[in-house]
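All remarks here apply to the structure that follows.
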Amino acid sequence: MIQRETLLEWAVAVLEKKNAPMHVNDISTAIVRLHRGVTVSDEDLTARLSSVLLSESKKKGSKIRKPLNKQKKPRKGMYRLARTATPKLTPNTPDHPITAQSVGAAGEHAVVSELLYRGFNASQMAVDDGIDIVASKDSSFFHIQVKTSNQNKNGSFGFSVRRDRFIAKDWQSTYYVFVLRRLLSNRYINDFIVLPNSILKHFDSNGVFGGKDSISLTVTCEGSDQFKVNKTEDVTKYVNDWNVMKGG
């Protein structure tokens with residue numbers, strides 16, 4: 001069973017993204033999208049979440065509140081974040097330019113960390129020949145290429161994969177992890193799009209990428225939690241879903 005504190009933290013994060021009242025069913029759906037490792041059924045998750053949010057909303061000083069209808073009565077199944085007069089926090093942004101090498105290395109370390117938390121044994125390669133990380137779990141090995149991008153001014157994320165390396169590493173065990181670094185609710189977070197090699201091949205064969213020497217990807221986040229590649233391919237189900245890395 002998901003711990004109460006964890007479920008509450010996830011719900012708060014969803015409400016922060018939406019920045020508006022939400023029904024418990026919609027909060028539950030958003031949690032499933034963002035945390036693909038959730039193993040409980042949708043019905044059980046919603047019921048548990050409803051119980052947690054209802055009890056939390058009754059606590060003095062809680063972040064969770066029930067919005068009221070025109071009759072000043074709580075709206076059934078609806079929740080919002082408490083309004084506070086807390087001064088806006090200033091994110092701890094670097095006071096000097098960050099090199100592309102630093103961004104790339106940071107993304108690789110972040111991916112290794114996520115893998116270790118999920119029971120993989122993972123190690124970075126000494127030489128980058130198209131594979132950045134080799135990981136193993138349950139006697140299966142995974143070859144991972146990591147690409148990292150900070151959010152651009154227009155809200156998108158840009159990535160590029162050398163086509164010669166894409167072709168050379170055309171293996172069933174190859175995975176691409178795209179790290180999206182962005183500022184959300186005055187703090188920096190990482191989202192990870194975990195794509196099997198076969199998915200990128202499918203996109204490429206359908207002309208999604210184009211380009212002779214490199215594969216270019218632009219990832220956009222539409223709404224609060226829908227992610228698209230090059231404005232056409234919905235990859236939301238691959239966001240933070242490490243379960244796609246399974247041995248064959």
Side-chain angles (χ1 to χ4, degrees), residues 1-11 13-14 17 25-49 107-125 131-149 157 159 161 166 169-182 184 189-204 208 217 219 221-229 233-248:
M1 178 182 291
I2 302 173
Q3 295 296 316
R4 184 183 189 281
E5 293 75 13
T6 299
L7 201 55
L8 182 59
E9 180 182 343
W10 289 350
V14 169
K17 279 188 175 183
N25 293 345
D26 297 326
I27 299 173
S28 180
T29 298
I31 287 175
V32 171
R33 283 184 176 180
L34 293 171
H35 302 278
R36 298 290 174 173
V38 173
T39 56
V40 298
S41 67
D42 292 348
E43 294 78 8
D44 289 344
L45 177 63
T46 302
R48 170 71 170 154
L49 180 63
E108 291 175 23
H109 282 287
V111 171
V112 169
S113 177
E114 292 293 327
L115 291 170
L116 292 174
Y117 272 123
R118 288 165 172 77
F120 290 82
N121 190 3
S123 179
Q124 291 175 262
M125 301 296 288
I131 297 297
D132 297 310
I133 298 168
V134 173
S136 64
K137 185 177 184 181
D138 299 330
S139 301
S140 295
F141 285 84
F142 308 88
H143 300 88
I144 304 166
Q145 172 71 275
V146 180
K147 294 294 181 181
T148 307
S149 174
F157 303 83
F159 304 93
V161 178
F166 177 67
K169 307 304 178 184
D170 182 12
W171 307 328
Q172 185 177 354
S173 62
T174 301
Y175 291 79
Y176 291 83
V177 179
F178 298 95
V179 184
L180 283 58
R181 177 78 168 173
R182 57 178 172 154
L184 185 66
I189 68 167
N190 293 329
D191 280 313
F192 304 87
I193 301 179
V194 187
L195 294 179
N197 178 62
S198 58
I199 298 298
L200 256 67
K201 283 183 61 180
H202 174 70
F203 290 167
D204 192 40
V208 173
L217 296 83
V219 176
C221 181
E222 301 180 5
S224 60
D225 57 3
Q226 185 180 28
F227 296 80
K228 286 188 176 182
V229 169
E233 304 300 324
D234 191 336
V235 293
T236 305
K237 68 178 181 179
Y238 297 104
V239 177
N240 301 320
D241 183 12
W242 299 89
N243 289 329
V244 300
M245 293 179 56
K246 296 179 179 179

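The OH atom of Y175 lies 10.5 Å from the OH atom of Y238; values are rounded to the nearest 0.5 Å. Interatomic distance, CH2 of W171 versus NE2 of H143, reported as 5.5 Å (0.5 Å rounding). D132 contributes atom CG, which lies 8.0 Å from atom CD of Q124 (distance to the nearest 0.5 angstrom). Atoms CZ and OG1, on F192 and T148 in that order, are 8.5 Å from each other to the nearest 0.5 Å. Going from atom CD of E43 over to atom OG of S28 covers 9.0 Å, rounded to the nearest 0.5 Å. Between the CG atom in L195 and the CD atom in Q145 there is a gap of 12.5 Å [rounded to 0.5 Å].
When all heavy atoms of I131 and M125 are compared, the closest pair comes out as O-CG, 3.4 Å. Nearest approach of R181 to F157, heavy atoms of both residues: O-CE2, 3.4 Å. Looking at every heavy atom in both residues, L116 comes nearest to F120 through CD2-O, 3.4 Å. The shortest non-hydrogen separation linking V179 to G107 is CG2-O, 4.1 Å. The nearest pair of heavy atoms linking K147 to F159 is O-CE2, 3.4 Å. Residues A110 and N190 share a closest heavy-atom pair of CB-ND2, 4.0 Å.
Residues V239 and R33 are not in side-chain contact: their nearest non-hydrogen atoms beyond the backbone lie 4.5 Å or more apart. In this structure, V177 and E114 have side chains that are not in contact, with every pair of non-hydrogen atoms separated by 4.5 Å or more. By the 4.5 Å heavy-atom criterion applied to side chains, F142 and L115 are not counted as neighbours.
The aromatic rings of H35 and W10 sit parallel to each other, their planes meeting at less than 30°, with 60° as the upper class boundary. Between F166 and Y176, the angle of the ring planes lies from 30° to 60°, which puts this pair in the tilted group.
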| message | As a quick check of understanding, evaluate side-chain contact (heavy atoms from CB on, under 4.5 Å) for D191 and N240, giving each step before the final call. | response | CA-CA 6 Å; D191 280 313; N240 301 320; 3.0 Å; yes
| field | Steps toward side-chain contact (heavy atoms from CB on, under 4.5 Å) verdict (F141, S173) | value | CA-CA 7 Å; F141 285 84; S173 62; 5.9 Å; no
| side-chain contact (heavy atoms from CB on, under 4.5 Å) between R4 and R48, intermediate numbers included | CA-CA 9 Å; R4 184 183 189 281; R48 170 71 170 154; 3.5 Å; yes
| field | CA sep, side-chain torsions, deciding dist, call: L45, V40, side-chain contact (heavy atoms from CB on, under 4.5 Å) | value | CA-CA 6 Å; L45 177 63; V40 298; 3.8 Å; yes
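The main-chain N or O of D42 is found under 3.5 Å from a side-chain atom of T46 such that the two form a donor-acceptor pair. Judged by distance alone, with hydrogens and angles left aside, the side-chain atoms of T174 form no donor-acceptor pair with the main-chain N or O of D170 at under 3.5 Å. Side chain of K137 to main chain of R118: a donor-acceptor pair is present (N/O by atom type, distance under 3.5 Å, no hydrogens or angles).
Residues D138 and S140 bring no donor and acceptor atom of their side chains to less than 3.5 Å of each other.
A side-chain contact (heavy atoms from CB on, under 4.5 Å) with E233 holds for exactly one of L217, I199, V208; it is V208.
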